[in-house]
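Below is one structure, written out as structure tokens; comments come after it.
Start at 1 and go down the list; that is how both ligands and their atoms are numbered.
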Amino acid sequence: MSTNLSASALIFFAIATAGCARKPATIVSLHPTAYGSALVETSGGKQMGATGTMLAQPLVAQVNDDQGAGVAGALVEFHGPFGISFEPSAALTDASGQATTNVTLGGMAARYQLTATTRCKAQKEVALNVVEVALGYQQELGYQLGETYCARCHNPESSAERVSNYDNLQVKPHTFTDGTTLNKMTDAELTSIIDHGGVALNKSALMPPYGYTLDKSQTQALVAYLRLVSDPPYQAPGMVYAQK
Ligand code: HEC
């Protein structure tokens, strides 16, 4: 019994010291030469990527002064839930007031909330939250199917590969991130409108049926994708979320 205890104490000690050794290494060497009063996102929020991979765009946060001008030499630290990593995890802002980090997503399909922080002159912490979405295999498949079959109507923006048809539609569909609309629909309703088209739910026939094109697992993948990218986030009925 006592051997067990000391063994676990040892392991705990090893983890604790390893954890401590990592952080100060980057932070201690960075000395801010200036302080701002606000932190704003310049780019890199609301991206999607496969679980465990680095996001295509870096996350860029800008430290501003009271007048809204960028502050050079301010320290920005990046934090995220378990599984997320930043390269670097802390940086001094450049001449335009910006700090840049590359984000690698965690291994779980989820919406990850990341936080960038800086300190103002009075040492008060200023924080900026951004959300990034990690797609698992199923949601990734749903995303691909969505790009192939749905995005031309559901995404008002055109891309290099796809011209949007949105402006030509008499009845406007919603973007797949529109949680206000999609969260009100049950999984059965989503499956039904995808399989049988808008008419199945007394909606416009401009929404085509895909029941002959897509098999069940593909429809499920689309639903899983819609649920994960939904903003505000979708909470499945009956699911209990742990309170922090
Ligand atoms: C040709 C255009 C078009 C395509 C392609 C299309 N949709 Fe739609 N979709 C619509 C329209 C229009 C509506 C709105 C119907 C209404 O509100 O009466 C709609 C509605 C929906 C809705 C209900 C929520 C909303 O946006 O109003 C869902 C869910 C949906 N579509 C999913 C899909 C999926 C998944 C695909 C691809 C497999 C797809 N749609 C492809 C036109 C399209």
With Ser37 as partner, the option from Asp66, Asp65, Asn64, Thr118 fulfilling side chain to side chain donor-acceptor pair (under 3.5 Å) is Asp66

### Message
Looking at Gln47 and Gln57, would you say the former's side chain and the latter's main chain have a donor-acceptor pair under 3.5 Å?
### Response
yes

Taking Gln98 for the side chain and Gln62 for the main chain, is one N or O donor matched with an acceptor at less than 3.5 Å? no

What protein heavy atom lies closest to [atom]? Include the residue and the distance to one decimal.
atom: atom 42 (C) of ligand 1; value: Leu206 O, 3.5 Å
atom: atom 13 (C) of ligand 1; value: Pro173 CB, 3.6 Å
atom: atom 41 (C) of ligand 1; value: Tyr210 OH, 3.4 Å
atom: atom 37 (C) of ligand 1; value: Cys150 SG, 1.8 Å
atom: atom 29 (C) of ligand 1; value: Leu190 CD2, 3.5 Å
atom: atom 43 (C) of ligand 1; value: Cys153 CB, 3.5 Å
atom: atom 19 (C) of ligand 1; value: Met207 CB, 3.5 Å
atom: atom 25 (C) of ligand 1; value: His174 ND1, 3.2 Å

If Ile, Leu, Val, Met, Phe, Trp and Tyr residues are connected whenever their side-chain heavy atoms lie under 4.5 Å apart, and connections chain through other members, are Val60 and Met48 in the same group?
no

- Item | Hydrophobic cluster identity match, Val40 and Phe78, side-chain contacts under 4.5 Å |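 Per the 4.5 Å side-chain linkage, Val40 and Phe78 are not co-clustered.
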
Under 2.8 Å from atom 8 (Fe) of ligand 1, can any N, O or S atom of His154 be found?
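Yes, His154 qualifies, because one of its backbone or side-chain N, O or S atoms lies under 2.8 Å.
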
Under 3.5 Å, is there a donor on one side chain and an acceptor on the other for Asn129 and Thr115?
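Asn129 vs Thr115: donor-acceptor pair found between side chains.
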
Closest heavy-atom pair, Met207 versus Ile194, reported as atoms and distance to 0.1 Å, is CE-CA, 4.2 Å

Taking only non-hydrogen atoms of Ile194 and a 4.0 Å limit, the atoms of ligand 1 in range are 35 (C)

Taking only non-hydrogen atoms of Phe176 and a 4.0 Å limit, the atoms of ligand 1 in range are 32 (C), 33 (C), 34 (C), 35 (C)

Closest heavy-atom approach to atom 22 (C) of ligand 1 among Leu214, Leu182, Ile193 is made by Ile193

Min over Leu226, Leu145, Asn202, Val171 of heavy-atom distance to atom 17 (O) of ligand 1 lands on Val171

Should we say atom CE of Met54 is surrounded by more than 12 heavy atoms from elsewhere, each under 6.0 Å from it?
yes

Is the CD atom of Glu157 crowded by more than 12 outside heavy atoms at less than 6.0 Å? no

Taking the side chain as everything from C-beta on, heavy atoms only, tell me whether Cys150 gets closer than 4.5 Å to Leu222.
yes

| query | Are any of the heavy atoms in Gly198 under 4.0 Å away from ligand 1? | reply |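 Not so, Gly198 does not reach ligand 1.
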
Would you check the N or O atoms of Ser204, main chain and side chain alike, for any that come under 3.5 Å of an N or O of ligand 1?
yes

